[in-house]
Amino acid sequence: VYYDCLINQLDINIANGQIMTMGAQFIGAGYSRRTASTPTYPTGKPYLWDQASCTYNGQAIVDIKDLSISVNNNFEANYTLSNTKAPHRIKRTGPQLIELSGTLIFAQHSYAIAFENQSELPLVLFFTGADSPSTFKLDVPSFRFKTYETTMKGAGLVEASFTAGAQYKV
C-alpha cells in the first residue's frame, strides 16, 4: 500500500462524442506491505459526464471540438542516507505548468484577438451528468493562447487549432 502520494503529472483528453480519458503519474513517499487479498471492484454505475459547459472570460463557448489538458506539478523525490527506500522529502523543482491544446470551430475573432494581445483571461470547464454522483470543474483564472492557427481545408467549417498555457497565481 502506497501512502503520502502526490500527482506529479495529470493528462486529460476530451473530445466530442468520446469518453473523457485521464492519466496520472504519482510520486509516493512510502509504502507498507500487506498480505495478498482478492481485489474488489465497484458495482455502481460509472461516471457519465454527458453534459459539458465552458466559459472564456465569462462568455459561453460552444465551439470546442476537442481539448487536451496537461498539468505538470514538477515534483521530485529527494532521498537521504536514512536506511529507508522512501524519499525523505518531495519537493517542487519548478513552477506548476498547465498546457492546453485543442481545436475550435472558428466562429468569432475574439480568440484570435486574445492571442494577438497575449491576454490572460479566465477559462472554466464544467462536466456533469444526470446519472453521475459527482461533477468535474476546472477553473483556470489565467489562461493565455500560445498559438492560434486557423485552417481552411476546402468545403466545410473553418477550424482553429490552438495551444495555451495557464497558471494559478498564488
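Just the heavy atoms: all of them, side chains too, but no hydrogens, waters or symmetry mates, feed the values below.
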Subject >> Set of residues satisfying salt bridge (Lys or Arg N to Asp or Glu O under 4.0 Å) with respect to E159, sequence neighbours excluded >> reply: K65
**OP:** Please check if the side chain of T147 supplies one atom and the backbone of T163 the other of a donor-acceptor pair under 3.5 Å.
**Re:** yes
Original post:
Excluding sequence neighbours, so at least two apart, what forms ring-ring contact (aromatic ring centres under 6.0 Å, His included) with F126?
Top reply: none
Original post:
Would you say the side-chain atoms of N8 pair up with the backbone N or O of F75, donor to acceptor, closer than 3.5 Å?
Top reply: yes
Original post:
Taking the six-membered ring for Trp, are F143 and F162 parallel (under 30°), tilted (30 to 60°) or perpendicular (over 60°)?
Top reply: perpendicular
Subject >> Contact summary for C54 and I64, nearest pair of heavy atoms >> reply: SG-CD1, 3.7 Å
Subject >> Q59, CD atom: more than 12 neighbouring heavy atoms under 6.0 Å >> reply: no
Original post:
For the atom pair OG1 (T103) and CG (D63), what is the distance rounded to the nearest 0.5 Å?
Top reply: 12.0 Å
Original post:
Under 30°, 30 to 60°, or over 60°: which ring-plane class applies to F145 and Y56, parallel, tilted or perpendicular?
Top reply: perpendicular
Original post:
Measuring from I27:CD1 to L6:CG, what's the distance to the nearest 0.5 Å?
Top reply: 7.0 Å
Subject >> Closest non-hydrogen atom pair, V158 against T151 >> reply: CG1-O, 3.6 Å
**OP:** Find the distance between CZ (F127) and NZ (K137) and round it off to the nearest 0.5 Å.
**Re:** 12.5 Å
**OP:** Decide side-chain contact (heavy atoms from CB on, under 4.5 Å) for L125 and I69; before the verdict, give the C-alpha distance in whole Å, the side-chain angles of both, and the deciding distance to 0.1 Å.
**Re:** CA-CA 11 Å; L125 300 165; I69 304 162; 3.7 Å; yes
**OP:** Look up atom OG1 in T150 and atom OH in Y111, then write down how far apart they are to the nearest 0.5 Å.
**Re:** 14.5 Å
Original post:
Under a single-linkage definition using a 4.5 Å side-chain heavy-atom cutoff for Ile, Leu, Val, Met, Phe, Trp and Tyr, are V124 and L138 assigned to the same hydrophobic cluster?
Top reply: no
Subject >> Nearest-0.5 Å distance, NE2 of residue H88 to CG of residue L81 >> reply: 11.0 Å
Original post:
Hey, any chance L67 and I105 share a hydrophobic cluster, counting ILVMFWY side chains that come within less than 4.5 Å of each other, even indirectly?
Top reply: no
Subject >> Residues, nucleotides or ligands: over 12 heavy atoms within 6.0 Å of N78 CG >> reply: yes
Subject >> Side chain to side chain, L100 and V140, heavy atoms closer than 4.5 Å >> reply: no
Subject >> In one Ile/Leu/Val/Met/Phe/Trp/Tyr side-chain cluster, 4.5 Å: V71, I90 >> reply: no
Original post:
Can any side-chain N or O of D11 pair as donor or acceptor with the backbone N or O of G23 at less than 3.5 Å?
Top reply: no
**OP:** Group every Ile, Leu, Val, Met, Phe, Trp and Tyr by side-chain heavy-atom contacts under 4.5 Å, then state whether F106 and I61 land in the same group.
**Re:** yes
Subject >> Nearest heavy-atom neighbours spanning G28 and C5 >> reply: CA-SG, 3.8 Å
Original post:
Quick one: does R92's side chain get under 4.5 Å of N73's, heavy atoms only?
Top reply: yes
Subject >> Heavy-atom donor-acceptor pair, S70 side chain to E99 backbone, under 3.5 Å >> reply: no
Original post:
Does the side chain to side chain donor-acceptor pair (under 3.5 Å) test come out yes or no for Q51 and T128, once each step is laid out?
Top reply: CA-CA 5 Å; Q51 300 167 22; T128 188; 5.3 Å; no
Original post:
Looking only at heavy atoms, what is the nearest atom pair of A24 and I7, with distance?
Top reply: CB-CG2, 4.3 Å
Original post:
Side-chain heavy atoms under 4.5 angstrom apart, residues restricted to Ile, Leu, Val, Met, Phe, Trp, Tyr: same cluster for I113 and L121?
Top reply: no
